[in-house]
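What follows is a short report on a single structure.
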Amino acid sequence: MPQKSLFRRDTPSWTIQVWLSFGIAVTACIIGVWNMPGQELDRAFLAIGFCFCLFASFTLAKMIRDNRDAAVDTTPWVMTVWIGFFSAVSLTAWGLFRMTIGGWEKGYMIVAWLFLVSSVFTLAKTIRDKQEADLMESVLDVEHRSAPLDSTEN
């Protein structure tokens, strides 16, 4: 008798929420940078800082997940990823706090930035969970199709 396996999958509503949250966070950051009062150089710095944080967050999430069960990355790579993430966060925070913009503008940019970083981790986890479940299902499907049919013994 074939054995059934249970794969925990995210619900479609969760997946929609994760993608919407990520889209809203990116949009909030773009709107904030685009409409931020101040010098062009400040806006450019902040845009680069947000992109740096975005990519460093995705890289960190992947590295952590890759090394979840066993260390697969070299120590220098792990250090590089952590240093990149902390550099992105530190430099962006420094840039935000030194800008001569109003308190509510800074508050908006900080909230949008933190929303962006947190939504990246949630999105990366959701995508990776789906990929791993799909992979396991395909492996079990191949094993199930190649398994010989059980015959009854007399």
Side-chain angles (χ1 to χ4, degrees), residues 5-144:
S5 297
L6 175 66
F7 293 100
R8 293 189 61 128
R9 290 196 173 267
D10 294 326
T11 62
S13 58
W14 171 256
T15 304
I16 290 169
Q17 177 195 344
V18 168
W19 279 101
L20 277 174
S21 294
F22 178 71
I24 291 168
V26 169
T27 303
C29 288
I30 290 170
I31 289 171
V33 169
W34 188 271
N35 293 311
M36 187 178 76
Q39 299 178 1
E40 295 292 322
L41 189 58
D42 284 341
R43 284 204 294 275
F45 176 88
L46 198 55
I48 291 169
F50 283 176
C51 287
F52 189 14
C53 285
L54 176 75
F55 301 132
S57 297
F58 271 119
T59 305
L60 179 61
K62 181 184 183 324
M63 186 273 301
I64 289 171
R65 188 69 176 258
D66 286 349
N67 292 280
R68 173 186 59 189
D69 298 325
V72 297
D73 290 324
T74 63
T75 302
W77 174 249
V78 171
M79 288 175 42
T80 300
V81 171
W82 279 108
I83 290 169
F85 177 74
F86 284 122
S87 297
V89 170
S90 299
L91 290 170
T92 304
W94 171 77
L96 272 169
F97 287 112
R98 70 153 197 79
M99 286 182 187
T100 54
I101 57 176
W104 76 268
E105 288 99 346
K106 277 187 188 183
Y108 175 90
M109 297 309 297
I110 290 169
V111 169
W113 170 49
L114 295 176
F115 185 27
L116 177 69
V117 170
S118 67
S119 69
V120 163
F121 284 103
T122 307
L123 178 60
K125 181 186 181 323
T126 301
I127 291 170
R128 187 70 175 261
D129 287 348
K130 181 184 181 319
Q131 185 264 338
E132 288 179 354
D134 289 346
L135 181 63
M136 289 302 297
E137 278 185 354
S138 67
V139 166
L140 287 176
D141 187 41
V142 168
E143 288 175 0
H144 176 70

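Quick note: residue numbers are just sequence positions, from 1.
- To the nearest 0.5 Å, atoms CG (Leu114) and SG (Cys53) are separated by 9.0 Å.
- Rounded to the nearest 0.5 angstrom, Ile64 CD1 and Asp73 CG are separated by 11.0 Å.
- Rounding to the nearest 0.5 angstrom, the gap separating the CE atom in Met63 from the CE atom in Met79 is 11.5 Å.
- Summarising the geometry, atom CG belonging to Leu91 is positioned 11.5 Å from atom CG belonging to Leu96; distances are rounded to the nearest 0.5 Å.
- Pairs passing the side chain to side chain donor-acceptor pair (under 3.5 Å) check and including a residue from residues 101-119, sequence neighbours excluded, do not occur.
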For residues 19-33, which side-chain donor-acceptor pairs fall under 3.5 Å, sequence neighbours excluded?
from: Ser21; atom 1: OG; to: Gln17; atom 2: O; distance (Å): 2.9
from: Thr27; atom 1: OG1; to: Gly23; atom 2: O; distance (Å): 2.7

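- Of all the heavy atoms in Phe85 and Ser57, the pair that sits closest is CE1-OG, 3.5 Å.
- Listed by first and then second residue, the side chain to side chain donor-acceptor pair (under 3.5 Å) pairs that reach into residues 82-98 are Asp42-Arg98, sequence neighbours excluded.
- Two residues are said to be in side-chain contact when any heavy atoms from C-beta on lie closer than 4.5 Å; Arg128 and Glu132 meet this criterion.
- The shortest distance between side-chain heavy atoms of Asp10 and Lys130 does not fall below 4.5 Å.
- Checking each of Leu123, Thr122, Asp129 against Lys125 for a side chain to side chain contact (heavy atoms under 4.5 Å, CB included) leaves exactly one that passes, namely Asp129.
- Asp66 contributes no side-chain N or O that, together with a main-chain N or O of Val72, makes up a donor-acceptor pair within less than 3.5 Å.
- To the nearest 0.5 Å, the span separating CE on Met109 from CG on Leu116 amounts to 10.0 Å.
- Between the CZ atom of Arg9 and the OG1 atom of Thr126 there is a distance of 12.5 Å, given to the nearest 0.5 Å.
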